Amino acid sequence: MTWTVVPNLDEARDQLDNRFPGRDTRSDGSIGDAVHQRYPSSHNPDRTGQAEYRDDDEANEVRARDFDADLRDPNGITMEHVVQLWVRLARAGCLWWVRYIIFNGRIWHRRHQFATHTYTGANQHTGHCHVNSDFTQAADTVRGTNWRLDQLRIPAPRRPAPGPAVPFPLPTGYYFGPRQDGDRSVSGHYRRRFRGKADRQWLTIWTTQLTRRGWPAGKGRRYLRKAGHDGRYGPEHRELIKAFQTDQGLSRDGLLGRKTWDAAYRNPIR
């Protein structure tokens, strides 16, 4: 039986293609792959697959599309800008056909008035944005939708990160992480030394750099509230690192490796 994507999601794809003609589409997708087909998903057709929602009409509908995160926009507009625009419009009722959006470890759902929540699924959707059409006949059939991409604005220039860059101090493949993770995980709990400094000193240097950038990190503040800049990796350090990785569009693993370290010194401030 032939399946079809609901029209509003095809229109979103077409409008993204028109606005960002050079965008990467390798992570675009509609119909579910073999993994999706093993559990209920809006990527599965609602009559011939395990669908998240199944209605009573004859159409074999797919109600989800993924859009590659790499827009390749020369003016610096990113998928984060697109997602935040769509979230604002959804909250205002302008995208009434949208049920939820998932991107970079977060979900905005109609049932929560599109408030930001942490996404707990295994796929954190860092390489693409997932958009789900609502489970109504009106959303299934609406045509001529406007995803308002004309409202995107070129981002203002951002200040560079303060202070001279400090090279990542650990050997290739090592990272700052939990003490139970093995030799390559440097936790600050075992008094190891790298490039003339103790592991605790290096981790403190990095968290202090985030404070210089305006991050509320330290005792009594939002991040490192209890531990402060003690240089001993723990749950509070993991929370801070994941938040910073989200801000920088990096993989949100909560581990301080070379890319996350360098971003604190080299990337513009958000």
Side-chain angles (χ1 to χ4, degrees), residues 2-33 35-36 41-45 59 61-108 114 116 119 123-134 139-160 245-252 259 263 266-270:
T2 302
W3 58 270
T4 183
V5 179
V6 294
N8 75 76
L9 295 178
D10 282 346
E11 291 172 350
R13 176 204 58 198
D14 295 343
Q15 290 170 39
L16 279 169
D17 288 347
N18 183 62
R19 178 64 178 79
F20 304 101
R23 76 182 187 92
D24 194 342
T25 59
R26 286 175 292 181
S27 293
D28 279 22
S30 56
I31 189 72
D33 58 15
V35 174
H36 285 92
S41 169
S42 286
H43 281 297
N44 297 327
E61 294 154 320
V62 172
R63 296 185 177 88
R65 265 199 178 278
D66 293 336
F67 303 107
D68 196 295
D70 187 1
L71 300 179
R72 298 179 177 174
D73 181 61
N75 295 311
I77 294 176
T78 67
M79 182 55 79
E80 182 69 27
H81 295 117
V82 173
V83 167
Q84 293 306 323
L85 169 65
W86 286 349
V87 168
R88 290 196 301 272
L89 292 170
R91 288 171 181 161
C94 300
L95 303 184
W96 57 264
W97 52 86
V98 171
R99 184 170 182 83
Y100 58 84
I101 299 170
I102 308 172
F103 181 59
N104 205 13
R106 296 154 297 166
I107 182 170
W108 298 266
F114 296 100
T116 305
Y119 182 67
N123 185 339
Q124 290 290 285
H125 296 75
T126 56
H128 62 264
C129 163
H130 172 106
V131 180
N132 222 96
S133 185
D134 202 15
D140 285 350
T141 58
V142 63
R143 294 179 181 272
T145 57
N146 184 353
W147 292 79
R148 313 286 183 94
L149 296 177
D150 59 309
Q151 295 185 16
L152 290 167
R153 297 294 178 261
I154 297 173
R158 297 178 294 176
R159 294 180 292 115
Q245 289 170 331
T246 298
D247 176 82
Q248 294 292 311
L250 299 170
S251 178
R252 297 174 67 255
K259 287 184 179 180
R266 299 176 182 174
N267 289 5
I269 297 172
R270 293 183 184 270

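In this text the structure is predicted, and so the values were computed from the model without any measurement. Along the sequence shown, residues carry numbers from 1.
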**Request:** Could you please spell out the steps behind the side chain to side chain contact (heavy atoms under 4.5 Å, CB included) verdict for Leu85 and Arg88?
**Result:** CA-CA 5 Å; Leu85 169 65; Arg88 290 196 301 272; 3.8 Å; yes
**Prompt:** Do Trp86 side-chain atoms and Trp147 backbone N/O form a donor-acceptor pair below 3.5 Å?
**Reply:** yes
**Asked** Looking at side-chain heavy atoms only, is the closest gap between Ile77 and Arg19 below 4.5 Å?
**Response** yes
**Item:** Under 3.5 Å: donor-acceptor pair, side chain of His125, backbone of Asn123
**Value:** yes
**Request:** Would you check if Val62 and Asn44 make a side-chain contact, meaning some heavy-atom pair closer than 4.5 Å?
**Result:** no
**Request:** Report yes if some heavy atom in the side chain of Phe103 is under 4.5 Å from a heavy atom in the side chain of Val131; otherwise report no.
**Result:** no
**Request:** Please round to the nearest 0.5 Å and tell me the distance separating atom CG of Leu71 and atom CE of Met79.
**Result:** 4.5 Å
**Asked** Would a distance-only check, ignoring hydrogens and angles, find a side-chain to backbone donor-acceptor pair under 3.5 Å from Arg63 to Ser42?
**Response** no
**Item:** Value rounded to 0.5 Å, distance of CD1 in Ile101 from CD in Gln84
**Value:** 9.0 Å
**Asked** If you look at every heavy atom in Ala12 and Phe67, which pair is closest and at what distance?
**Response** CB-CZ, 3.9 Å
**Request:** Using the salt bridge (Lys or Arg N to Asp or Glu O under 4.0 Å) rule, take Arg23 and Asp28 through it: C-alpha gap first, then chi angles, then the decisive distance, then the call.
**Result:** CA-CA 10 Å; Arg23 76 182 187 92; Asp28 279 22; 2.6 Å; yes
**Message:** Please check this pair: side chain of Arg252 against backbone of Gly249, looking for a donor-acceptor N/O pair closer than 3.5 Å.
**Reply:** no
**Asked** Ignoring hydrogens and geometry, is there a side-chain-to-backbone donor-acceptor pair from His43 to Ser30 under 3.5 Å?
**Response** yes
**Message:** With a 3.5 Å distance limit and no angle check, can you tell me whether His81 reaches the backbone of Thr78 through a side-chain donor-acceptor pair?
**Reply:** yes
**Message:** Keeping Glu11 on the side-chain end and Arg143 on the backbone end, is there a donor-acceptor pair under 3.5 Å?
**Reply:** no
**Request:** Please name the pair of heavy atoms, one in Asp66 and one in Ser27, separated by the smallest distance, quoted to 0.1 Å.
**Result:** CB-O, 3.8 Å
**Message:** Using side chain to side chain contact (heavy atoms under 4.5 Å, CB included), reason through Phe20 and Arg72 one step at a time and then give a plain yes or no.
**Reply:** CA-CA 7 Å; Phe20 304 101; Arg72 298 179 177 174; over 6 Å; no
**Prompt:** Should the ring pair His130 and Tyr100 be called parallel, tilted or perpendicular, given that the plane angle runs from 0 to 90° and is split at 30 and 60?
**Reply:** parallel
**Request:** Would you mind reporting whether Arg99 and Ser133 have side-chain heavy atoms less than 4.5 Å apart?
**Result:** no
**Request:** Evaluate the side chain to side chain contact (heavy atoms under 4.5 Å, CB included) criterion for residues Val142 and Asn8: first the C-alpha distance (whole Å), next the side-chain angles of each, then the deciding distance (0.1 Å), finally the verdict.
**Result:** CA-CA 6 Å; Val142 63; Asn8 75 76; 4.1 Å; yes
**Asked** If you round to the nearest 0.5 Å, how far is CD of Gln248 from CG of Asn104?
**Response** 11.0 Å
**Closest approach of Asn75 to Ile154 (non-hydrogen atoms, all atoms of both residues)** = O-CG2, 3.5 Å
**Asked** At their closest point, which heavy atom of Leu149 faces which heavy atom of Gln15, and how far apart are they?
**Response** CD1-O, 3.4 Å
**Request:** May I have the step-by-step check of salt bridge (Lys or Arg N to Asp or Glu O under 4.0 Å) for Arg106 and Glu80, ending in yes or no?
**Result:** CA-CA 11 Å; Arg106 296 154 297 166; Glu80 182 69 27; 2.7 Å; yes
**Request:** Answer yes if the side chains of Thr116 and Trp108 hold a donor-acceptor pair under 3.5 Å, and no otherwise.
**Result:** yes
